[in-house]
Amino acid sequence: MTPRRPITRTPLALLLLLPAACAYDPYFDAPTDYPHARAVAPFLFEDEPSSPSRSASRSDPSSPSPRPVSADLRDAWTNAWSPKQERTLVASSDFLTSKTIAGTSVPLRNGAIALPDCVLFGLEHSLDVKIAAFDRSATGENISIARGEFQPQLSGSVGRESDRIAEESILAGERIAENFDEAEGRLEKKFSTGTIVAAEVRSASDNRSGSSVGGFDPTTPLAKSDATVRLRQPLLKGGSIKANRAGIELAKLSVARSDILLRAQVLEFLRGSETGYWLAAIGKELYRARQESLERSLKILEDVRALYEVGNASNLDVLEADAAVAKARETMVSSRKQFEDAVDNLWFILGLPPGIDSAGLKFESIEAYPFPEETPDAEESFRRAMSSYPDVLLLGNEVKNRQQRVIRAKNDRLPELDLDLSGRTALSGDAFDNVRDGEYDWSALLRFSIPWTMKAERAQLRQAKVELDRSKIAREQGERRLYRDILAASRDIDFSAQQLETAVHSADVNARKFEEQRRRYQEGLVSVRDLMEDEEASSLADAIELEARLRLIAAHTLLQQIDGSILQRHGLKW
């Protein structure tokens with residue numbers, strides 16, 4: 001028995017080391033070549049100049065005062081990102097006053113809602129952004145689910161079987177009762193190489209009741225226990241590390257895809273909030289301009305009626321002035337509705353309920369929008385967009401997804417050829433079963449299975465390759481579409497800038513023309529109708545100028561959304 005001791009202890013050593021081996025897989029956390037899956041940069045507000053603080057608690061009024069985001073959004077972003085990376089969202093700005101809207105404090109600067117504050121507020125409260133963040137958080141669990149295939153599996157069973165022999169026993173001449181107890185435990189681990197290692201411990205005991213016959217005591221308990229270690233190694237199908245890790249790589253790609261969708265939602269929010277803000281600001285400005293136009297029309301009507309009283313104006317002049325007042329009032333009512341609709345749209349984008357009273361709201365002047373002085377460079381925008389535009393990133397993600405599926409399909413078409421090794425050692429026994437402590441046995445088995453034609457597997461591989469080629473063509477088409485959209489957006493900026501220049505000149509000319517016509521009307525040189533037409537033309541020119549500014553802003557924000565520069569302009573990092 002001495003030579004057997006080292007061999008006998010080998011399965012026991014493997015059994016003790018198996019849990020430690022199960023916890024280590026050299027390929028489990030191997031780095032991937034998907035930068036968007038493993039390095040999703042956080043949102044960080046860059047330090048920006050802030051207004052002096054009115055709080056006495058601050059010793060340095062020039063230093064920025066970070067304001068943390070709400071707990072709900074912070075939890076959402078924390079769940080959406082890897083805990084290994086620091087995720088913060090703060091703003092370096094001071095708010096002089098605030099306005100309570102729908103139970104939420106909205107910051108005001110000099111009594112007006114500022115665009116940077118709307119962006120910060122919307123990032124905290126936008127429901128679309130929160131939904132995208134939670135989708136990202138849920139998708140992130142796909143990696144843990146895929147890795148579950150390589151986690152150790154522990155199983156076991158405990159049971160008792162009772163049997164009473166119905167017929168008389170040949171040995172004892174009486175009935176014999178038998179209770180069979182069995183306990184079994186199993187620990188199994190799969191590795192990225194396809195290797196499956198399993199360890200089993202089994203214990204069984206047989207307790208009998210009866211009387212002895214011929215020197216044999218049937219009530220002698222019979223017990224034995226043994227340990228077994230099994231190893232299965234696929235040599236062809238299932239033996240590829242890349243194929244076995246394909247599920248994890250696909251899960252990482254799904255997380256990367258949700259990252260891209262989250263980025264797309266944030267970019268859409270930035271463009272939507274900015275456009276919505278200036279649309280509301282223009283709506284407010286148009287409403288104010290229409291009010292001024294109505295006041296001018298009422299003043300003209302009052303003057304015409306005064307002239308009519310002294311006989312210097314006809315009844316037709318009064319009717320024309322009154323009709324102009326009615327038209328101006330109708331236009332003002334329409335502009336007020338447009339303004340309220342624009343404000344509701346802005347609240348909706350920022351995550352506030354629509355229908356909030358917009359009376360007394362003030363916005364920044366649209367003339368304060370920082371238009372770039374230089375014409376956008378389409379080539380530079382295209383270069384930035386190629387590494388950041390969500391549509392292109394999604395197409396690239398799809399190509400990598402199809403590559404993993406081709407790897408799987410190639411492995412699935414291989415025949416099965418598996419090597420099975422097993423070793424068993426007896427831990428305890430008795431004389432009845434002729435088993436001694438330390439006895440062992442082992443076996444080696446080679447299994448193979450080959451489909452007759454493998455038509456289905458080959459068809460799946462051809463299908464996977466076709467889908468891969470299609471995804472590459474789709475990516476190329478997406479890049480061309482991106483370049484076309486950038487060229488169109490650049491031309492739209494140039495065209496809108498020219499329109500704005502013309503609209504500004506037209507508004508200035510029409511304003512001077514109206515003033516000249518009013519002077520001539522007071523001298524009796526023009527009719528009321530001509531004066532009202534010029535007033536209407538001046539009011540219309542002002543509206544066209546504001547609309548031209550809005551079109552130019554929309555064109556700029558669209559291009560900046562495509563190339564990702566809108567993030568930097570708002571002090572955000574991805």
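This chain uses plain numbering: 1 for the first residue, then up along the sequence.
- Of the candidates Asp485, Ile486, Ile562, Phe382 forms a side-chain contact (heavy atoms from CB on, under 4.5 Å) with just one, namely Ile486.
- Atom OG1 of Thr228 is separated from atom CH2 of Trp442 by 15.0 Å, given to the nearest 0.5 angstrom.
- Residues Leu267 and Pro390 have side chains in contact (heavy-atom distance under 4.5 Å, counting atoms from C-beta outward).
- Not a single donor-acceptor pair under 3.5 Å links the side chain of Asp226 to the backbone N or O of Ser203.
- When side chains are defined from C-beta on, Leu235 does not count as touching Glu416, because their heavy atoms never get closer than 4.5 Å.
- Counting only heavy atoms from C-beta outward, the side chains of Glu274 and Phe269 never approach each other to under 4.5 Å.
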Requested in this report: Start with the C-alpha gap between Glu188 and Arg186, add the side-chain angles, then the distance that decides, and say whether salt bridge (Lys or Arg N to Asp or Glu O under 4.0 Å) holds.
Outcome: CA-CA 7 Å; Glu188 181 178 309; Arg186 177 183 176 88; 2.8 Å; yes
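- Across all their heavy atoms, Leu446 and Leu417 have their closest contact at CG-CD1, 3.9 Å.
- Just one residue in the list Lys472, Arg462, Arg402 forms a side chain to side chain donor-acceptor pair (under 3.5 Å) with Glu467, and that residue is Arg402.
- Of the inter-residue distances, the one linking Asp563 atom CG with Gln568 atom CD reads 8.5 Å to the nearest 0.5 angstrom.
- Looking at Arg263 and Leu567, their side chains come closer than 4.5 Å, going by heavy atoms from C-beta outward.
- The line from OG1 of Thr195 to CG of Leu419 is 10.0 Å long, rounded to the nearest 0.5 Å.
- Counting heavy atoms from C-beta on, the side chains of Gln403 and Leu468 come closer than 4.5 Å.
- Checking Glu479 against Tyr389 by side-chain atom types alone, no donor-acceptor pair falls below 3.5 Å.
- Within the cation-pi definition used here (under 6.0 Å to the ring centroid, within 45° of the axis), Lys189 qualifies as a partner of Phe191.
- Between Ser254 and Asn142, the side chains place a donor N or O and an acceptor N or O closer than 3.5 Å (distance only, hydrogens not considered).
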Requested in this report: Any chance you could lay out the salt bridge (Lys or Arg N to Asp or Glu O under 4.0 Å) test for Arg230 and Glu200, step after step, and finish with the verdict?
Outcome: CA-CA 8 Å; Arg230 293 187 174 89; Glu200 297 179 1; 3.0 Å; yes
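- Counting heavy atoms from C-beta on, the side chains of Asp469 and Val466 never come closer than 4.5 Å.
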Report task. Kindly indicate, with the supporting measurements, whether the criterion side-chain contact (heavy atoms from CB on, under 4.5 Å) is fulfilled by Leu270 and Val119. Result -> CA-CA 7 Å; Leu270 292 177; Val119 171; 3.5 Å; yes
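- Of all non-hydrogen atoms in Arg202 and Ala204, the two that sit nearest each other are NH1-CB, 4.3 Å.
- Across every non-hydrogen atom of Leu346 and Gly276, the tightest pair is CD1-C, 4.0 Å.
- Expressed to the nearest 0.5 Å, how far CG of Leu115 lies from CG of Leu120 amounts to 11.5 Å.
- What you find for Ser192 and Arg245 is that their closest heavy atoms are OG-CG, 3.9 Å.
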Report task. List the steps, then state whether side-chain contact (heavy atoms from CB on, under 4.5 Å) holds for Ser381 with Leu559. Result -> CA-CA 8 Å; Ser381 296; Leu559 180 60; 4.2 Å; yes
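- A donor and an acceptor atom, one from each side chain of Ser126 and Asp128, are nowhere located under 3.5 Å apart.
- Here the side chain of Ser137 pairs no donor or acceptor atom with the backbone of Ala133 at under 3.5 angstrom.
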Report task. Could you go through the side-chain contact (heavy atoms from CB on, under 4.5 Å) check for Phe150 and Ile248 one step at a time? Result -> CA-CA 10 Å; Phe150 301 98; Ile248 296 178; 3.8 Å; yes
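- With respect to the salt-bridge test (charged N to carboxylate O, under 4.0 angstrom), the residues Arg475 and Glu398 do not qualify.
- Taking the side chain as every heavy atom from C-beta outward, Leu187 and Pro152 approach each other to under 4.5 Å.
- By the 4.0 Å N-to-carboxylate-O rule, Arg447 lies too far from Asp418 to be salt-bridged with it.
- Put simply, the side chain of Asp135 does not reach to within 4.5 Å of the side chain of Ser258, judged on heavy atoms.
- Expressed to the nearest 0.5 Å, how far CD of Gln404 lies from CZ of Arg408 amounts to 8.5 Å.
- Nearest heavy atoms, Asn244 versus Gly238: ND2-O, 3.1 Å.
- A donor-acceptor pair is defined here as one N or O able to donate and one able to accept, closer than 3.5 Å; no such pair exists between the side chain of Asn397 and the backbone of Leu393.
- Each of Arg569, Arg384, Arg271 was compared with Gln560 under the side-chain contact (heavy atoms from CB on, under 4.5 Å) criterion, and only Arg569 meets it.
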Query raised in the report: Between Val255 and Arg136, does a side-chain contact (heavy atoms from CB on, under 4.5 Å) hold up when you go through it step by step?
Result: CA-CA 7 Å; Val255 174; Arg136 165 61 179 83; 3.4 Å; yes
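- For CZ of Arg257, the number of neighbouring non-hydrogen atoms (other residues, nucleotides, ligands) closer than 6.0 Å is 12 at most.
- Residues Ser422 and Ser443 approach most closely at OG-OG, 2.5 Å, considering heavy atoms.
- With rounding to the nearest 0.5 angstrom, the NZ atom of Lys237 is 6.0 Å from the CD atom of Glu457.
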